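Keep in mind it's a predicted model, so treat the numbers as computed, not measured.
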Amino acid sequence: MSTSSPILTVRDLCIDLFTARSALRPVDQVSYSVAAGETLAIVGESGSGKTVLNFAPLGLMPLGVSIHVSGSIRFDDKELVGMNDEALRKLRGGSIGVIFQDPMSALNPARTIRRQIAEVAELHLSLTSTQAEARALDLLKMVRMSDPEARLRQYPHELSGGLRQRVMIAIAIAAEPKLLIADEPTTALDVTVQAQIISLLKDLQKRLNMAMVLITHDMGVVAGIASRLAVMYAGRVMEYGPVQTVLTAPRHPYTMGLIDAIPRAEDLPGSAFRGLPGMPPVLGPPIPGCAFVERCRHAVATCETTRPLLAPTADRHVLAACPIVNRSSEALHAG
Amino acid sequence: MPADTALLKVENLVTRFKSVERGKWVKAVDGVSIHLNPGEIVGLVGESGCGKSTLGRSIVGLEKPQSGRVLLDGVDLGTLSGRKLRETRRAIQYVFQDPYASLNDRQTIGEAITEALIIHGVSDHTEQRRRILELLDQVGLPAVLAERYPRELSGGQRQRVAIARSLAVEPRVLICDEPVSALDLSIRAQVMNLFLTLQKELGVACLFIAHDLALVRQAASRVYVMYLGKVIEGGGSLDVYARPGHPYTSALLASVPSADPRIEALREAPVLKGDVPSPTNPPSGCRFRTRCPQAMEICAVNEPATVALSSDHSAACVIAEQVHRGEVIAPKVH
Amino acid sequence: MKFLRAFLSTLAGMPKVAVGAVAIFLFLGIFAPWLTPHDPNAQDLLQANQDMSISHWLGTDHLGRDTLSRLIAAARTSVVGMSLVLILALSVGVTIGTIAGYRRGWVEEGLMRIVDVGLAMPSLIVALAVIGIFGTGYWNMILALALAWWPGSARISRAVAVNVMNRPHIESLRVLGASPLRIYFKHLLPTTLGAVLVYATADAGAVALAIATLSFLGLGIQPPTPEWGQMLVDALPYLEASPRQVILPGLALTAVVIGFNLLGEAVALNRVPTPLSAKILRKRQLTAALWTREAA
């Protein structure tokens, strides 16, 4: 799959979240890795922990919440777990670029586009303000902004959603990061604009040779941009492998259900929608057995008590956390 | 068009808002005519700002149209007022996008449904009780939820409660404004199937407003496509999706990413450039011409007439017939 | 019961000093007749200007009246006056504000222009003008202050009401065909009132201060009714001989005003999350420590 060694390696990451009301574990023993030039998509529903997973270790958490992170996150030969705030701040916007779902709330409404981009360039590339502003123009050209000189003088509210997201991307890549984390970068956008942003992200990744972690719930976006895929459910990785294999031949019952639920061209109007029964579990303490057991057609008694861990399936490149689908591969190894 | 038998008919509706620019108006809905037959699910698709929600809100009276007519069973709602209008319009109900905000958090589920029943004139307590249980059952919720508060429910459950409450007044039309886009992927199918069941069992007609083209295709028998306040295409879902007559519809369909990586690998550059123009100053002539790969000089001069492509399929484009026949292949844009 | 618990849990998150000051003020105000050790108006010239003693804990004033009793009785004057002003101002303000918020259009424009005129003039100036026209007296003061305060609550009510009217839950009632009266009285008014009462907390301190100010100027509470502003005036000539008589009512007034202001600020900032306290954090960590972690 990946020829170069990974730039980001996450091992057994657990994140406990403490709020005034309760203690939760939104991320439960998650492992993955991304290499330069590669895109990992993390797919999951709301409450699956996909956002906390990426942002908590970078020190991006709302006020009023305390976290405890255990496990290991190695980025560019540095350990992020336990790193102090000052060092993390240098990484954010520096060698790690971040794109948020809602560009309007991530941008400062009272400052021009020029200032907002230049600020990042000044901070992380130690440029003078004139150099940084020149760089801002280059960056807007890089994100294929129409009429970039005029855009520099504008304020975020004067731009459309698609243009704002381009500004966000320009800020994220200002310091030529080695890793780009994109949290639902196209969810708030219209489908015709979404296609433009995806193509832009693909192009930038190639040019800058960045590793990219894309958090999304849209399998279409995943298919278009990612090379590998981690499917999360209730804070755990259910299936992990190359996009081609996981999307076309899913192994885990949850992944199967998700992909099966996507309407297909041959579905007739008025025909019933395919989906999963039941509801995803509410975020809380770790679930003793398999988190998906209540909604799973194949569940057996042990699924309720023993938590299945990620293990290779018959296709060695795909890992799935399900003893039922893994049984065949175990038989293979034994034989 | 078979509009004589239509249950709901919208004729030349215009709804405008004050623009942020002083003295200017934005025509969010600019002369739209659509119809809905009894028991039919019709889709209304388009990108944000195309006016699809405003159209839905104007039909139920949440926005005041500037001109045009809304007819229910041939009765022009504009000629009614006060109590008579409220009672007549009650037959059209609205399902909101955000299930977290459409219920009053101080009312239990039972109280919320009871209020709808009282408004509908059901004042007997035992009858109210019976109807609540019946309605909860119809939307697939257990009776115990009647005692709960909205904050104790999940998004999918709240959306079902909101639907149950609309059903309390025995509507004939449901206008569903992005009813599943705030819900989790694995829950969407459940709520979509609920709409299909309600349509089959109660004969409720639905106007399904959504940006998710695939959802609409599977749910609706007919579909309207809106762009900048105008309906630019309308017809049977299968026909519109398979052989669109408007370059915009064609581009919209081509932009939807496929979940199949083999198809995505073949994807070329995006079909459309740029964003939707501001509705404050819509382009002259055809509103889509600024982004249209096939735009010609005439498009800037005249607003294109609606071309009938089959008995129930029409599109507002000068080359609609060629597009429909597949003779126009969208050029690649960089 | 549920309401009480919700109320108490909200209080628990407020600054303790402010809650304490306001609670003592309200308690003294409500139960004053049973708490005063002496009749606050009983003069005893033989006991005038006494220092602290067993029978008069905080001494006596120049007419030999018990200072502690007068301070407590003054709290009552203040609580009653403040409540009357707020009730009157809120009734007018909320009514006008919610009507404007419900009926948008020209009704709203008209009502809000009247409110703007009211807001353009400082509250105390309005009050002074009204008293100047109608003369001094208890009810004139209450009416004057209510007249000065209603535009503020009208403005807030309108803002809240407009917001409430645009919420989908009200819109869905309109679609259901609920009558305007039902929407107004069952949904709009209770929700708006709840929100506006919260803002009124911050105003309460300012009203208490205004009552004291008017009384200090001789335009509000008339002697011999005990009132903090009034007590300050009475004691001023004896400032050097017994500064305590000036300091005590001053302190009481300051505590109440600061208490209400802190409370108002805390209520306004209630939505802003604060970091977890060390105690809760330890408790949560303990919970998490018990969670099993299987070996990978």
Side-chain angles (χ1 to χ4, degrees), chain A residues 43-48 146 159-163 186 188-200 217-226 233 242-248 254 257-265 267-280 282 295, chain B residues 41 43 46-50 154-157 183-193 196-197 199-200 211-215 217-223 236-238 241-242 248 251-252 254-265 267-276 278 291:
Chain A
V43 169
E45 303 178 66
S46 59
S48 64
S146 57
L159 304 179
S160 67
L163 292 183
T186 60
L189 304 176
D190 284 317
V191 63
T192 56
V193 182
Q194 173 179 312
Q196 300 166 15
I197 296 290
I198 290 176
S199 126
L200 172 68
H217 66 267
D218 190 332
M219 293 295 187
V221 174
V222 173
I225 192 167
Y233 187 76
V243 163
Q244 285 85 350
T245 331
V246 176
L247 285 188
T248 49
Y254 175 62
L258 269 191
I259 291 169
D260 187 46
I262 299 168
R264 289 193 281 262
D267 290 325
L268 287 173
S271 62
F273 287 81
R274 292 173 306 273
L276 287 161
M279 282 186 290
V282 178
R295 309 172 76 184
Chain B
I41 297 187
E47 298 182 274
S48 56
C50 72
S154 71
Q157 287 174 321
L183 304 180
D184 266 326
L185 283 179
S186 66
I187 304 295
R188 285 187 190 177
Q190 300 172 9
V191 176
M192 288 307 298
N193 285 334
L196 295 181
T197 314
Q199 179 226 1
K200 278 185 197 109
H211 69 275
D212 188 330
L213 296 164
L215 267 183
R217 184 190 163 282
Q218 192 173 341
S221 52
R222 282 193 305 124
V223 65
S237 309
L238 282 180
Y241 277 70
Y248 174 64
L252 200 58
S255 301
V256 180
S258 159
D260 190 331
R262 289 164 298 195
I263 296 174
E264 281 303 302
R267 180 177 288 276
E268 305 266 338
V271 195
L272 287 187
K273 261 169 92 174
D275 287 5
V276 183
S278 154
R291 300 173 80 200

**Residue part contacting chain B, namely of A/Val222, when any heavy atom lies under 4.5 Å** = neither

**Message:** Could you report the tightest heavy-atom contact between A/Arg295 and A/Gly278, atom names first, then the distance?
**Reply:** NH2-O, 3.2 Å

**Message:** A/Arg264: which residues meet the salt bridge (Lys or Arg N to Asp or Glu O under 4.0 Å) condition with it, sequence neighbours left out?
**Reply:** A/Asp260, A/Glu266

**Complete:** Most heavy-atom pairs under 4.5 Å with chain B, out of A/Ile262, A/Asp218, A/Thr248, A/Ile198, belong to A/Thr248

**Asked** Is it the side chain or the backbone of B/Ile263 that comes within 4.5 Å of chain A heavy atoms, both, or neither?
**Response** neither

**Message:** Less than 4.5 Å to any heavy atom of chain A: does that hold for the side chain of B/Ala219, its backbone, both, or neither?
**Reply:** both

**Item:** Side-chain (B/Gln218) to main-chain (B/Leu215) donor-acceptor, under 3.5 angstrom
**Value:** no

**Fill in**
Ranking B/Ala242, B/Ser186, B/Gly236, B/Ala214 by heavy-atom pairs under 4.5 Å to chain A gives rank one to B/Ser186

**Part of A/Ala261 lying under 4.5 Å from any heavy atom of chain B** = neither

**Under 4.5 Å from a heavy atom of chain B, the part of A/Leu163 involved** = both

**Asked** Measuring heavy-atom distances to chain B, does A/Ser199 have an atom under 4.5 Å in its side chain, in its backbone, in both, or in neither?
**Response** side chain

**Request:** For the pair B/Asp260 (side chain) and B/Arg262 (backbone), establish whether a donor and an acceptor sit closer than 3.5 Å, ignoring hydrogens and angles.
**Result:** yes

**Message:** Between B/Ser255 and A/Gln194, is there a side-chain donor-acceptor contact under 3.5 Å, judged purely by atom types and distance?
**Reply:** no

**Message:** For B/Leu185, which atoms come within 4.5 Å of any heavy atom of chain A: side chain, backbone, both, or neither?
**Reply:** both

**Request:** Select one option (side chain, backbone, both, neither) describing which atoms of B/Gln190 are under 4.5 Å from chain A's heavy atoms.
**Result:** side chain

**Item:** Region of B/Gln199 in contact with chain A, defined by heavy-atom distances below 4.5 Å
**Value:** neither

**Asked** Taking B/Asn193 for the side chain and A/Phe273 for the main chain, is one N or O donor matched with an acceptor at less than 3.5 Å?
**Response** yes

**Which portion of B/Ser258 sits near chain A, non-hydrogen atoms under 4.5 angstrom** = backbone

**Request:** Among the options B/His211, B/Glu47, B/Met192, B/Lys200, pick out the one with the most heavy-atom pairs lying under 4.5 Å from chain A.
**Result:** B/Glu47

**Item:** Taking every non-hydrogen atom, the tightest pair across B/Leu183 and B/Arg188
**Value:** O-NE, 3.2 Å

**Prompt:** Looking at A/Pro263, A/Pro277, A/Gly275, which makes the most heavy-atom pairs under 4.5 Å with chain B?
**Reply:** A/Pro263

**Prompt:** B/Arg217: what forms a side chain to side chain contact (heavy atoms under 4.5 Å, CB included) with it, not counting sequence neighbours?
**Reply:** A/Asp267, B/Leu238, B/Tyr241

**Message:** Tell me if a side-chain donor or acceptor on B/Ser237 pairs with a main-chain N or O of B/Ala220 at a distance below 3.5 Å.
**Reply:** yes

